[in-house]
Every structure is written in structure tokens, then in C-alpha cells.
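Take a look at the structure below.
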Amino acid sequence: MDEKDLKKETRAVHAGRMSREHFGVVNTPVYRASTILYRDLATLEAGKVPYIYGRRGTPSSRSLEEAITALEGGARTVVCSSGLNAIALAILSVCGAGDHVLMVDSCYAPTRFTCDRTFSRYGIQTTYYDPCIGAGIETLLRPNTKAVFCESPGSLTFEIQDVPAIASVAHAHGASVLIDNTWATPLYFDAFAHGADLSIQAATKYIGGHADVMIGYVCANDSHAARVAQTHDHLGIYASGDDCFLALRGLRTLPIRLKRHGENALALARWLQQRPEVARVLYPALADDPGHALWERDFTGATGLLGVELKPIPQKALASFFDSLELFGMGYSWGGYESLIVPSKLHRTASKFDAAGPLIRIHAGLEAVEDLQADLAQGFDAIGNAT
Ligand SMILES: Cc1ncc(COP(=O)(O)O)c(C=O)c1O
């Protein structure tokens, strides 16, 4: 069967397996390797061996990269030590001194800090754009714009971008389109079919899925594959065999986990909309969300992360809400099996996001949703007791 004809759920289970090369063992084992020995001088000098040196790939990293390439439908994947590392690699693969990046204003905050505080020192300029700009991005493109970076939905504020409209304008001006697709994963948003050249994933989140691994990747289309692979190699970027193994193990159950995250998130989102303490829920799968029509057009599912704007309350009451929760952990990540909650801090410079009350971010884990609702309900009770 041709892999491209298989459904994504099937590819997630089968792609990248190398059982025949490993005595029939189902999962590619963990290869911990720096040195790889050559049989003889002729082999060393010919350099025609599958593995040369640990940093440049082992069966552990190759299994993961091949599985991801199959799932994304791209040409080539490289694994990185974290999601942020993958974002930096993607930008450096298409930009150099004197170039310009158009970055979505709702991006993950450390992406902004990397552009503003590090890439600026190397002559790469960044301008931020409104996530809802669509084809209007044309007015911001400059002759030296080499990258238009999307993240959809946006971190913390969950706007859905019109990626196909942005991509067609960007490509007409010779700019590459990069997308941080961590929220949807390749299962729910097909980055290449919607015009991206590079699909970036913080695999730390849903692909790892168990809150125990830091890893990222860049998957490139044909025209960008060689440059991304070369930049990855020259920067010495690497992910350990243990981390590749964990990511690959997570990948096998990604479809079933994402389905449950999405069901729990939608149930929580609808329940939160009914609560008197809540001003607004930010989740594109809700029929009245401003991004719903684009989400319905371009996505095949919704995952577990959503935003909530509470009605204005004193800081003391907000603290009582957070501190009384028992099932929702307070921590800066998401995508694992467990539910999480954090206050959201915005860093926008090019567009406005008005919120009268506190903005929070919730990750719906795999627990029973009734228990999650009961936990949030006791949090809301604590707000009442504190005011
Ligand atoms: C949307 C998004 N992209 C990228 C990252 C960075 O991933 P990592 O923590 O693996 O560097 C994160 C981390 O929270 C994220 O939320």
C-alpha cells in the first residue's frame, strides 16, 4: 500500500517503524551514540553509510523523522532539542542578515523574544502583524521579507488565521511561509495543503503527550528541505535517542488522545460559557467563536487548549480560584495527559486584545470531564468566598 493513501491515524501507527532492522522488535530501540565505528578505511573514506556520527542521526532519530514526514506529508523532517529550538531553526533556514520577518502578533511569547532580542543582533528584523489580517498582509511585505510566520490559533488568544490567503500573497512576493502548528498538530491542520513551506511542532506538547520530554521538529516541503537539513547540521542541532523514543511512543497514540482532549475541551468550553464568573471563552470549535468559520473550513478537529476571560475580580479572589483547584495543575506547559491552568500574560504590539477581567489558559487533560467541571466549580465558589 502507498503510505500517502493511508489515513493519518494509520500513518501514526505504522510510519517510521524499522522492526526488520531490529530483530522484529516493534519499537525502534533507544540508540545512545556519539561514535559510530566503520568497518574499514574504504568504507570510512567513501562515507556511504547510513549513520556517520551520533549528532548527525541514529535509527532513533531517523525513525521519528520518517514517521513525522509521513504524517505531515512533507519532504524532510529534522528533530530539534525543543519546540523553541525548532522555531529558531526554521527562521534561520530562510533568513540571514538584512532580511525581514513578518511575525504574527499572537505568537508564543518566547518566539517574540528570540526575534526581538537575539535575531535583531544578527541583522534580522521582525515586524508584527494582526493575526486576523488575512490577505491584507500584502501591505506589510517588503522586498527583503523572507519569512511570514503564522501560529494558528494564536497562543493565549486563539485567533484562527487565514493561512491560505496569507500564503498566496507571501509566495507571490517570494517569501516563505512558516507555521507553528503545535495546537492542531499535523492531524488536525494540514500545514502543507494550506500553503506552508515549513511546519513546526513543539513535540514537547501533544506528540510527547506525557509531560516528560522536551523535543521539537521542522518538517519542510521539497523546495525547503535541503536548506533546512543543512542549517540543522551546521548548527549542530540534536535530540537524544531517549527523547526521540519518547516522542515516537507518544506519536503512536496521538490520534486517540487528541480526540479525547478535544471532546473534554469542548465540553468544558460550553460549560464555562454558562458560568456567571466567565466573560468569554476563546475556543475556535465553539459555534460563536470569531474564528469558527475559518476553523471549520481548514481544520479537521480541535485539541485541548483554550482561553477564558473571567469577569473582573480582585487579585485576591483570582488567587483563591487558582489555589483551590485540585485536579488542574498550575504549570507552563500543555499537551500532556493532565489538566493544567495558568494566568495568561499578553505581549502584543501590533494589534489590540481587550479583556476587562483576567485572562487564563486551560488545558483539558484526559480525566473525566465531570470531575474537571466539579474542580472548576469549587474554584468559582472560592472566588465568591473571597469577595
Ligand atoms: C505554541 C508553542 N510553540 C512553541 C513552544 C515551545 O516549545 P518548547 O517548550 O518545546 O520549546 C510552546 C511551548 O509552550 C508553545 O506553546
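Counting starts at 1 for both ligands and their atoms, in listed order. What you see is a predicted model; the values in this text were computed from it and never measured.
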[X]-[Y] side chain donor-acceptor pair, cut-off 3.5 Å:
X	Y	result
S339	E367	yes
S93	H224	no
K146	S176	no

Legend entry - Mode of D180 contact toward ligand 1 - side chain, backbone, both, neither (heavy atoms, under 4.0 Å):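 Side chain only.
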Could you list the atoms of ligand 1 found under 4.0 angstrom from a heavy atom of [X]?
X	value
S82	10 (O), 11 (O)
L84	6 (C), 7 (O), 8 (P), 11 (O)
T204	8 (P), 10 (O)
M214	8 (P), 9 (O), 10 (O)
E151	1 (C)
I87	4 (C)

In terms of residue, atom name and distance, what is the protein heavy atom nearest to [atom]?
atom	result
atom 6 (C) of ligand 1	Y108 CE2, 3.4 Å
atom 14 (O) of ligand 1	K205 NZ, 2.8 Å
atom 16 (O) of ligand 1	W334 NE1, 3.0 Å
atom 7 (O) of ligand 1	A202 CB, 3.2 Å

If you count the non-hydrogen atoms of other residues, nucleotides and ligands that lie under 6.0 Å from [atom1] in [X], is the total more than 12?
X	atom1	answer
R260	CZ	yes
R297	CZ	yes
R252	CZ	yes

If you measure every N or O of [X] against every N or O of ligand 1, does any of those distances drop under 3.5 Å?
X	result
G83	yes
N85	no
S155	no

Please state whether the rings of [X] and [Y] are parallel, tilted or perpendicular, taking 30° and 60° as the class boundaries.
X	Y	value
Y206	W334	perpendicular
W183	F158	perpendicular
F113	H347	perpendicular

Inset, instruction - Would you please determine whether Y332 falls within less than 4.0 Å of ligand 1 on a heavy-atom basis? - result: no
Legend entry - Positive for side chain to side chain contact (heavy atoms under 4.5 Å, CB included) with V78, one of L89, I237, D233: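 Filter result, single survivor: L89.
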